[in-house]
Amino acid sequence: MKDDEILYLVEQMSDEEYLYHEELKCYTNEGSPSDLAYARVRQFRDVNMLPILNTLLDKVKQAEQKKHLYFMIGTIGMNSGDVRAGMLLLEKLEQETKPSLLESILEELVKQQCIPDTERIVKYIDDSRSSVREAAIRALRACRDEIAEDALIRLITTSSNSFDIMSANFVLATIGTERAVPYLIPLLDHSRGDARHSALAALSELGNGSDLSIFLHGLKDRSSKVREYALVAIERHGDEAAIEPVIKRVQTLLKRMRQIKTDEVLIALRFLHRYQHSHQAIPKLFHWIIQTKREVLFDEEWQWIEDHFTCY
């Protein structure tokens with residue numbers, strides 16, 4: 001693809017025309033020049049385009065144009081798996097100074113299969129600009145090495161920003177190892193629910209059955225998200241010791257109509273289903289639910305019960 005063709009695509013990507021959709025009764029950019037241009041760019045995978053895109057980045061002046069070019073580079077790297085796309089993005093990360101462009105590059109780095117130089121990203125997780133810092137934390141998702149894990153562990157143990165801690169915890173859930181577990185556990189006593197539930201989410205991924213007492217304690221947390229992630233962890237790592245606490249949680253959830261739909265009941269039911277033939281309290285629970293609680297169940301929950309417990 002030639003320079004002028006790429007620049008034409010860049011121009012179209014900026015043309016966010018919104019059209020009225022009769023069937024949906026709302027305005028949408030579906031079918032607009034921008035939508036069609038992005039659809040075409042998402043197919044890019046030719047690494048031979050990288051030198052051309054690099055040259056164009058040195059020529060264009062507008063930040064929006066540069067963002068579209070970075071999107072092209074990131075997409076080529078994602079679709080091809082070629083490390084050269086990530087290397088080019090890292091080079092540009094060293095050259096750009098505008099927060100919006102730094103954020104754009106870091107977001108494209110998230111899409112890469114492998115980042116060849118983690119340390120170039122790590123320094124941005126301490127950036128004073130929140131958008132850059134957050135994008136850098138997410139970018140470490142593509143850096144599956146000890147440098148990235150150590151940086152995230154340092155962040156969750158020293159930062160006073162609960163949003164940064166939450167973001168780091170979710171990245172650790174993806175790239176972390178059991179080394180992070182001792183640093184995640186203290187966060188379960190954090191004053192902010194987002195720090196607690198994200199720590200529990202990471203522990204669910206990185207922990208094991210020996211952490212069951214921690215997960216059971218999470219069922220008593222004042223945050224609904226923490227309680228839900230506790231059930232996720234129990235479903236994954238729990239044993240018969242968790243049956244009674246999970247039954248109590250289900251009974252509490254089904255006492256009245258719920259205004260907010262969550263997966264808590266379904267998660268609990270899946271866990272209990274595992275032990276239905278070895279624990280008498282489980283059939284009794286399901287009999288109680290089917291006979292008296294149909295009206296408080298969401299459709300998905302009732303369908304699951306019908307599929308698995310028709311005998312009650």
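What's counted below: heavy atoms across the whole structure, side chains too, no hydrogens, waters or symmetry copies.
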Should the heavy atoms of other residues, nucleotides or ligands under 6.0 Å from [atom1] of [X] be counted, would the total exceed 12?
| X | atom1 | value |
| --- | --- | --- |
| R179 | CZ | yes |
| F298 | CZ | yes |
| Q280 | CD | no |
| F271 | CZ | yes |
| E178 | CD | no |
| Q251 | CD | yes |

Does the distance from a Lys or Arg side-chain N to an Asp or Glu carboxylate O, for [X] and [Y], drop under 4.0 Å?
| X | Y | answer |
| --- | --- | --- |
| R154 | D126 | yes |
| D4 | K2 | no |
| R274 | E235 | no |
| E301 | R258 | yes |
| E94 | K123 | yes |
| K225 | E228 | no |

Can you confirm whether [X] sits close enough to [Y] that some side-chain heavy atom of one is under 4.5 Å from a side-chain heavy atom of the other?
| X | Y | value |
| --- | --- | --- |
| F286 | H308 | no |
| E149 | I153 | yes |
| M78 | F44 | no |
| E119 | I147 | yes |
| F215 | L203 | yes |
| I267 | E264 | no |

One should read off an interatomic distance between L56 CG and L7 CG, to the nearest 0.5 angstrom, of 5.0 Å
Check your understanding: Quick one: side-chain hydrogen bond (donor to acceptor under 3.5 Å, both in side chains) partners of D263, sequence neighbours excluded?
Key ->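 If we apply the side-chain hydrogen bond (donor to acceptor under 3.5 Å, both in side chains) test to D263, skipping adjacent residues, there are no hits.
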### Message
Is there a path of hydrophobic side-chain contacts, each under 4.5 Å between heavy atoms, that joins L188 and L219?
### Response
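As far as the 4.5 Å side-chain criterion goes, L219 and L188 are connected within one cluster.
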When you measure from the side chain of [X] to the backbone of [Y], do you find a donor-acceptor pair of N or O atoms at a distance under 3.5 Å?
| X | Y | value |
| --- | --- | --- |
| H237 | L212 | no |
| R196 | H190 | yes |
| Y124 | L106 | no |
| Q276 | P283 | no |
| S167 | F163 | yes |
| D82 | I76 | no |
| Q112 | E108 | yes |

Enumerate donor-acceptor pairs with a distance under 3.5 Å from any side-chain N or O in residues 59-68 to protein atoms, sequence neighbours excluded.
unit_1, atom_1, unit_2, atom_2, d
K66, NZ, E96, OE2, 3.4
H68, ND1, Y38, OH, 3.3
H68, NE2, S14, OG, 3.0

Can a side-chain donor-acceptor contact be found between S159 and N161 if the only test is distance below 3.5 angstrom?
no
Next on the checklist: Do E306 and W302 pair up side chain to side chain, a donor and an acceptor below 3.5 Å, judged on atom types alone?
Outcome noted: yes
Between L254 and K293, the two heavy atoms sitting closest are O-NZ, 3.1 Å
* Which class fits the ring pair F170 and Y229: parallel under 30°, tilted 30 to 60°, perpendicular over 60°? -> tilted
Apart from V83 itself, members of its ILVMFWY cluster (side-chain separation under 4.5 Å) are M87
